[in-house]
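Before any comments, here is the structure.
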Amino acid sequence: MRIGELAALTGVSVRALRYYEEQGLLDPWRGPNGRRQYPQDAVDRVRLIRRLYAAGLSSRTIRELLPRAANGEATPELLERLSAERRRLDGQIGDLVHARGELDEVITLATESRRTGRPCPRP
DNA sequence: TTTCTAACA
DNA sequence: TGTTAGGA
């Protein structure tokens with residue numbers, strides 16, 4: 001498929017797809033017209049890239065991780081880098097869980113206040 | 001209309 | 001990354 005279709009299917013801008021290629025994350029082949037051609041599974045690949053970027057991984061880490069996402073080969077250095085990312089994500093997840101708990105608390109108090117018609121207790 | 005490269009706010 | 005220029 002061409003870049004426009006991949007962009008529509010993934011919700012990623014055409015510009016971003018070209019950028020991913022520049023970063024070595026995507027490797028489309030060029031048709032005789034010079035236009036980029038992507039395989040069907042590029043859709044999943046782009047979605048994976050988005051998730052990893054969103055999780056805070058660098059393009060370099062993603063680039064080195066992608067070819068090994070399926071099989072189990074990875075250098076000790078990459079493995080250590082990925083473990084560090086994993087630990088970092090664990091920390092973020094912990095923070096998120098905490099933040100969710102605080103929102104839950106406010107929501108609960110506000111809901112209760114509505115039900116009873118009494119103002120929320122001041123913190 | 002879509003895509004391409006290159007470069008800049 | 002968005003945007004813009006200028007060509008295919």
Side-chain angles (χ1 to χ4, degrees):
Chain A
M1 71 180 87
R2 294 195 308 190
I3 196 169
E5 188 182 357
L6 181 59
L9 256 30
T10 59
V12 174
S13 69
V14 167
R15 175 70 176 83
L17 291 176
R18 295 199 187 105
Y19 175 69
Y20 292 170
E21 178 183 350
E22 195 177 293
Q23 296 301 303
L25 273 28
L26 254 28
D27 60 326
W29 51 282
R30 302 295 184 121
N33 50 16
R35 278 142 154 67
R36 279 169 260 247
Q37 286 293 321
Y38 300 85
Q40 282 295 291
D41 63 1
V43 175
D44 287 329
R45 176 140 173 150
V46 170
R47 289 178 177 152
L48 172 58
I49 291 171
R50 292 292 299 199
R51 280 196 300 276
L52 296 176
Y53 261 132
L57 301 223
S58 68
S59 61
R60 182 174 73 119
T61 299
I62 297 176
R63 184 193 317 132
E64 295 173 30
L65 161 67
L66 279 179
R68 299 159 186 74
N71 59 64
E73 60 177 87
T75 65
E77 304 85 82
L78 175 59
L79 220 48
E80 177 44 46
R81 200 125 52 75
L82 295 180
S83 294
E85 296 289 0
R86 214 209 102 94
R87 287 192 292 277
R88 183 177 57 71
L89 287 180
D90 260 336
Q92 289 189 348
I93 290 171
D95 290 343
L96 289 173
V97 168
H98 189 209
R100 182 182 61 187
E102 300 186 307
L103 291 187
D104 282 344
E105 192 172 328
V106 173
I107 292 170
T108 298
L109 288 175
T111 302
E112 185 64 9
S113 165
R114 283 210 141 195
R115 191 176 66 70
T116 63
R118 291 228 142 287
C120 290
R122 297 271 43 185

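FYI, side chains are in, hydrogens and waters are out, and symmetry mates aren't considered; it's all heavy atoms of this structure. Sequence lines set the chain letters: A, B, ... in the order given, protein chains first and strands last, and positions in each chain run from 1.
- By the 4.0 Å N-to-carboxylate-O rule, A:Arg36 lies too far from A:Glu5 to be salt-bridged with it.
- One atom, CZ of A:Arg18, and another, C1' of B:dC4, lie 6 Å apart when rounded to the nearest Å.
- The base of B:dT3 lies outside donor-acceptor range of the side chain of A:Arg2, with no N or O pair under 3.5 Å.
- The distance between atom OH of A:Tyr38 and atom C1' of B:dT2, rounded to the nearest whole Å, is 13 Å.
- Consecutive Watson-Crick or G-U pairs involving DNA chain C, each under 3.5 Å on both distances, make up stems of three or more pairs at B:4-8 with C:2-6.
- A:Ile3 has its CD1 atom 9 Å from the C1' atom of B:dC4, to the nearest Å.
- Put simply, CG on A:Leu6 is 16 Å from C1' on B:dC4, counting in whole angstrom units.
- Using a 4.5 Å heavy-atom threshold, the side chains of A:Leu9 and A:Tyr38 count as separate.
- With respect to the salt-bridge test (charged N to carboxylate O, under 4.0 angstrom), the residues A:Arg60 and A:Glu64 qualify.
- Nucleotide C:dT1 holds its C1' atom 16 Å from the CD1 atom of A:Ile49, rounded to whole Å.
- When the side-chain nitrogen and oxygen atoms of A:Arg36 are compared with OP1 and OP2 of B:dT5, one or more of them lie within a distance under 4.0 Å.
- Looking at heavy-atom distances under 4.0 Å, A:Tyr20 makes contact with sugar-phosphate atoms alone, never a base.
- We find the CZ-CD1 distance between A:Arg50 and A:Ile62 to be 10.5 Å, quoted to the nearest 0.5 Å.
- For the pair A:Arg45 (side chain) and A:Leu26 (backbone), a donor-acceptor distance under 3.5 Å is absent.
- Judged by closest nucleotide on DNA chain C, A:Ala16 is the one of A:Arg35 and A:Ala16 placed further toward the 5' end.
- Looking at which nucleotide of DNA chain B each of A:Arg15 and A:Asn33 is closest to, the 5′-most match is held by A:Asn33.
- Using a cut-off of 4.0 Å between Lys/Arg side-chain N and Asp/Glu carboxylate O, A:Arg115 and A:Glu112 are scored as salt-bridged.
- Here B:dA6 presents its P atom at 17 Å from OH of A:Tyr19, a figure rounded to the nearest Å.
- Rounded to whole Å, atom P of B:dT2 lies 16 Å from atom CD of A:Gln37.
- Using a 4.0 Å cut-off between a side-chain N of Lys or Arg and a carboxylate O of Asp or Glu, A:Arg30 and A:Glu21 qualify as a salt bridge.
- Nucleotide C:dT3 holds its C1' atom 16 Å from the CG atom of A:Leu17, rounded to whole Å.
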